[in-house]
Amino acid sequence: MRKIAIYGKGGIGKSTTTSNIAAAFSEKGLSVLQIGCDPKSDSTKNLTGGKKIKSVLDAIREKEKITSDDVLFRGYNGIWCVEAGGPTPGIGCAGRGIITAFEKLEELGAYEICKPDIVLYDVLGDVVCGGFAMPIRGGYARNVFIVTSGEMMSLYAASNIASAVKNFGKRGYAQYSGVILNSRNLENEEEIVRTALKEIGGDIVSVVPRCPVVQEAENQGKTVIEAFPDSEMADCYRRLADNMLSITEGDEA
């Protein structure tokens, strides 16, 4: 089982990217489990026809004893979908909520039920603290990819995330495996990111161009892979998935 965490600044497009990667993996016949680790609980909606699924924390709030059927859902091409969820707005800690959700998933035997070849953790990463670091410090993920653009705040977040992963890596946890450039059509954007990586470290795994079909697919509640399978953009996500498989080879656990 390959365990991959995808981090990035809020709004950078990591959920869109993660869902398309999941769809590309599933096309290869791989069993995929995508776990959304954002309080908005919208990581998997492009795999479920645009519908938000019940989060682990919502299920816990609704009834005393929950089962795997309450929190495990099947999306496009059989992809398993889970949303960790968050606290009631204005009350509680989102990071602590992720920890609670992860503990509940283990208690329910979610990984044994899904038997995934690949687990994708989609994690909000403006800062890496508390529960948001759970996928790397808890030993859940072995490889961390960071979604960024050439924008300053996105690169600043990427630097923070990479630094955190490297610190945890010294303890034998997840390792930093590179960045995914989700383009914003800035002038010399790839050069800007490569210059930043001289300080941050790592390489560009793939460049994802800005393309209107991504939004068109999302308007349908779908990934590009599902909505426009023959498009160049779909092939771009497939190449990204291939690159990630190559980078993570030998890191199964």
Q.
Are there over 12 heavy-atom neighbours, none belonging to Tyr156, within less than 6.0 Å of that residue's OH?
A.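 Not more than 12 within 6.0 Å, no.
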(Q) Can you confirm whether more than 12 heavy atoms, excluding those of Asp203, are under 6.0 Å from its CG atom? (A)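 12 or below, so no.
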Point-to-point distance, once rounded to the nearest 0.5 Å, from [atom1] of [X] to [atom2] of [Y]:
X	Y	atom1	atom2	value
Ile180	Ser149	CD1	OG	13.0 Å
Ser26	Ile21	OG	CD1	12.0 Å
Lys45	Lys52	NZ	NZ	9.0 Å
Ile12	Thr17	CD1	OG1	8.5 Å
Asp122	Asp38	CG	CG	7.0 Å
Asn243	Ile204	CG	CD1	12.0 Å

Please tell me if the side chains of [X] and [Y] come closer than 4.5 Å, counting only heavy atoms from C-beta onward.
X	Y	result
Thr48	Cys81	yes
Gln175	Asn143	yes
Glu83	Ile35	no
Leu120	Val32	yes
Lys63	Asp70	yes
Val207	Ser183	yes
Leu124	Tyr7	no
Lys104	Glu107	yes

Q: Evaluate the side-chain contact (heavy atoms from CB on, under 4.5 Å) criterion for residues Cys114 and Leu72: first the C-alpha distance (whole Å), next the side-chain angles of each, then the deciding distance (0.1 Å), finally the verdict.
A: CA-CA 9 Å; Cys114 299; Leu72 290 176; 3.8 Å; yes
Output yes when a side-chain donor or acceptor of [X] lies under 3.5 Å from a complementary backbone atom of [Y], and no otherwise.
X	Y	value
Ser163	Ser159	no
Ser154	Gly150	no
Glu189	Leu186	yes

Q. Going through the checks in order, is the salt bridge (Lys or Arg N to Asp or Glu O under 4.0 Å) test met by Asp242 and Arg239?
A. CA-CA 5 Å; Asp242 286 340; Arg239 288 192 294 271; over 6 Å; no
Over all heavy atoms of both residues, which pair between [X] and [Y] is shortest? Give the atoms and the distance, please.
X	Y	answer
Val82	Val71	CG2-O, 3.6 Å
Phe145	Ile4	CD1-CG2, 3.5 Å
Lys14	Val123	CE-O, 2.9 Å
Pro135	Phe132	CD-O, 3.7 Å
Cys37	Ala84	CA-CB, 4.4 Å
Leu105	Val56	CD2-CG2, 4.1 Å

May I ask whether [X] and [Y] are part of the same hydrophobic cluster, defined by side-chain heavy atoms of I, L, V, M, F, W, Y residues being less than 4.5 angstrom apart, directly or through others?
X	Y	value
Ile79	Tyr111	no
Leu155	Met153	no
Ile146	Leu240	no
Tyr237	Val213	yes
Val224	Val147	yes

Q: Would you please test Met1 and Lys115 for side-chain contact (heavy atoms from CB on, under 4.5 Å) and show each step?
A: CA-CA 8 Å; Met1 183 167 64; Lys115 295 182 172 62; over 6 Å; no
**Q.** Audit row: Phe228, Met233, side-chain contact (heavy atoms from CB on, under 4.5 Å) steps and yes/no
**A.** CA-CA 8 Å; Phe228 304 103; Met233 197 65 198; over 6 Å; no
Q) What's the verdict on side-chain contact (heavy atoms from CB on, under 4.5 Å) for Ile118 and Leu33, showing C-alpha distance, side-chain angles and the deciding distance? A) CA-CA 6 Å; Ile118 297 178; Leu33 166 61; over 6 Å; no
Q) Any Lys/Arg nitrogen of Arg184 or Glu190 sitting under 4.0 Å from an Asp/Glu carboxylate oxygen of the other? A)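 Looking at Arg184 and Glu190, the cut-off is not met.
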Q: Could you point out which residue of Lys222, Glu226, Gln220, Glu218 forms a side-chain hydrogen bond (donor to acceptor under 3.5 Å, both in side chains) with Asn46?
A: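 Only one option passes, and that is Glu218.
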Q: Just say parallel, tilted or perpendicular for the rings of Tyr121 and Tyr140, cut-offs at 30° and 60°.
A: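 Geometry flag for Tyr140 against Tyr121: perpendicular rings.
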